[in-house]
Amino acid sequence: MVEFRIDRRSGVATYLQIVRQVEQALRLGLLGPGDKLPTAKEVVAATAINPNTVLKAYRELDRAGLVEARPGLGTFVRRSLARPGAAPDSPLRAELAAWMARARTAGLDREDVAALVAAVLDETCFEERGDDRSGGRGDDRGREPGR
């Protein structure tokens, strides 16, 4: 079961932190179809946030088609966002862990790594495929490969 971490100083709305953490767990394969999310009462007990905040996050996830509320039973994952390359045992993840160890050895802290990753993402992924919010269908739709 997922355990939520709320950072009250982040400037990100609490319900969005929950949404993003569920999405991340779905992408990493930590949650899959049929898995039950913690109840609002459990989240409130663990994080000391308002139950309406939890319910708002779960409604957002429901609207996105990621979870479904089953009255009297709880909220369950409807679909996964996991891809093989993000699995805990994937070679890409192992390479990234090794890179992180080298970054720590080089003296980079969490913020340095985040800035570096964001910069490389912006330089490579978005440049090649257009704005990723389009699902990777940016400028290259209809073009021949390599053009």
Side-chain angles (χ1 to χ4, degrees), residues 1-51 53-68 74-141 143-147:
M1 187 176 288
V2 67
E3 293 182 22
F4 298 112
R5 296 164 315 283
I6 304 303
D7 181 356
R8 296 178 193 327
R9 295 173 291 177
S10 71
V12 176
T14 303
Y15 87 96
L16 280 178
Q17 291 183 48
I18 293 172
V19 168
R20 289 176 182 169
Q21 289 175 38
V22 170
E23 289 172 340
Q24 182 176 16
L26 291 170
R27 287 187 193 290
L28 296 175
L30 302 174
L31 286 174
D35 287 346
K36 184 179 178 187
L37 294 182
T39 65
K41 186 176 183 177
E42 291 168 336
V43 176
V44 168
T47 61
I49 61 174
N50 188 304
T53 301
V54 180
L55 297 174
K56 182 176 182 177
Y58 285 8
R59 279 192 306 272
E60 183 75 21
L61 291 162
D62 189 13
R63 272 194 293 271
L66 298 174
V67 302
E68 64 181 328
T75 302
F76 294 83
V77 173
R78 184 180 297 168
R79 67 182 177 94
S80 175
L81 297 174
R83 299 190 187 199
D89 60 349
S90 77
L92 283 175
R93 187 176 178 116
E95 289 175 35
L96 183 56
W99 182 87
M100 289 297 301
R102 290 194 309 274
R104 269 193 307 276
T105 300
L108 298 179
D109 64 15
R110 184 181 191 93
E111 290 78 21
D112 296 331
V113 169
L116 185 57
V117 168
V120 172
L121 278 171
D122 288 345
E123 292 167 4
T124 58
C125 294
F126 300 126
E127 183 177 292
E128 292 172 8
R129 299 187 323 190
D131 184 350
D132 198 44
R133 287 178 230 175
S134 67
R137 296 181 309 270
D139 301 324
D140 59 354
R141 196 181 329 188
R143 282 200 257 167
E144 293 178 23
R147 297 200 173 212

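- Judged by distance alone, with hydrogens and angles left aside, the side-chain atoms of Thr53 form no donor-acceptor pair with the main-chain N or O of Ile49 at under 3.5 Å.
- Annotation for Val77 and Arg79: closest pair CG1-O, 3.4 Å, computed over non-hydrogen atoms.
- For the pair Thr39/Thr75, no side-chain contact is recorded, criterion being any heavy-atom separation below 4.5 Å from C-beta on.
- Under the salt bridge (Lys or Arg N to Asp or Glu O under 4.0 Å) criterion, Asp112 pairs with no residue at all, not counting sequence neighbours.
- Annotation: side-chain contact (heavy atoms from CB on, under 4.5 Å) contacts of Ala13 (sequence neighbours excluded): Tyr15, Leu16.
- Nearest heavy atoms, Phe4 versus Gln21: CA-OE1, 3.2 Å.
- Around CZ of Arg8, the count of heavy atoms belonging to other residues, nucleotides or ligands within 6.0 Å exceeds 12.
- Put simply, the side chain of Leu61 reaches to within 4.5 Å of the side chain of Glu23, judged on heavy atoms.
- A salt bridge links Arg78 to Asp62: one of the charged nitrogens lies within less than 4.0 Å of a carboxylate oxygen.
- In this structure, the side-chain contact (heavy atoms from CB on, under 4.5 Å) partners of Val113, at least two apart in sequence or on a different chain, are Trp99, Met100, Ala103, Leu108, Val117.
- Counting heavy atoms from C-beta outward, Tyr58 and Val19 have side chains that stay 4.5 Å or more apart.
- Proximity of Val22 to Leu66: side-chain heavy atoms (C-beta onward) are nowhere separated by under 4.5 Å.
- Residues passing the salt bridge (Lys or Arg N to Asp or Glu O under 4.0 Å) test with Arg63, sequence neighbours excluded: Glu60.
- Just one of Asp35, Leu31, Val67 meets the side chain to side chain contact (heavy atoms under 4.5 Å, CB included) condition when paired with Leu26; it is Leu31.
- Scored by the side-chain contact (heavy atoms from CB on, under 4.5 Å) test, Ala82 finds Ser80 as partners (sequence neighbours excluded).
- The side-chain contact (heavy atoms from CB on, under 4.5 Å) search around Leu30 returns Ala25, Leu28, not counting sequence neighbours.
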Original post:
Could you go step by step and tell me if Arg104 and Asp109 meet the side chain to side chain contact (heavy atoms under 4.5 Å, CB included) rule?
Top reply: CA-CA 7 Å; Arg104 269 193 307 276; Asp109 64 15; over 6 Å; no
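- Residues Ser10 and Gln17 bring a donor and an acceptor atom of their side chains to less than 3.5 Å of each other.
- Between Arg20 and Val12 there is a side-chain heavy-atom pair separated by less than 4.5 Å.
- Across Pro38 and Val43, no two heavy atoms sit closer than the pair CB-CG2, 3.8 Å.
- The environment of Glu68 atom CD is dense: over 12 non-hydrogen atoms of other residues, nucleotides or ligands sit within 6.0 angstrom.
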